[in-house]
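What follows is a short report on a single structure.
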Amino acid sequence: MDNLISVLQVLWQSGIAPALLIMLIGLLIAHFKGNQQASDLLQIAYKAVLWAEKEFDGGVEQKAQAINKVAQEIEKLDKAHVFTVQQIDDAIEWAVKRMKAQSHEEE
């Protein structure tokens with residue numbers, strides 16, 4: 001135990017331990033920030049799919065309008081640079097599946 005404490009003291013005094021700690025904190029912040037952004041995108045996509053479902057008759061037009069709505073919303077939030085077209089498309093598909101699952105639960 002004394003050896004472990006001595007090693008930790010040496011690492012701290014040499015600057016290695018503080019540097020690793022700062023790097024770990026940065027990685028954790030990036031991870032949770034990324035999760036929050038993904039969650040935000042999914043919420044926006046879900047609302048857009050509900051809106052498109054009410055306003056349009058389905059098919060390609062409905063999906064295109066939902067994608068357009070998501071793009072507008074993330075642009076308003078100044079997060080358009082954060083998401084790829086594929087991520088937006090995946091979020092729309094997730095929202096459609098979620099909406100269909102909820103409508104089956106209600107039946």
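Throughout, residue positions are numbered sequentially from 1 according to the sequence presented.
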State, yes or no, whether a side-chain contact exists between E55 and Q62 at a heavy-atom distance under 4.5 Å. no
Spatial distance of atom CD1 (I88) from atom CD1 (I92) [nearest 0.5 Å]: 8.0 Å
Distance in Å, K79 NZ paired with L41 CG, rounded so as to fall on 0.5 Å steps: 9.5 Å
Enumerate donor-acceptor pairs with a distance under 3.5 Å from any side-chain N or O in residues 64-76 to protein atoms, sequence neighbours excluded.
from	atom 1	to	atom 2	distance (Å)
Q65	NE2	E61	OE2	3.3
E73	OE2	K76	NZ	3.3

Which residues satisfy the salt bridge (charged side-chain N to carboxylate O under 4.0 Å, His left out) test with D90, sequence neighbours excluded? none
Crowded around K63 NZ? As in, over 12 foreign heavy atoms under 6.0 Å? yes
For residues 37-88, the ring-ring contact (aromatic ring centres under 6.0 Å, His included) pairs (sequence neighbours left out) are W51-F56
Under the side chain to side chain contact (heavy atoms under 4.5 Å, CB included) criterion, do Q87 and T84 qualify, and how do the steps go? CA-CA 5 Å; Q87 288 172 318; T84 65; 3.2 Å; yes
Are E53 and L50 packed together at the side-chain level, in the sense that at least one heavy-atom pair is separated by less than 4.5 angstrom? no
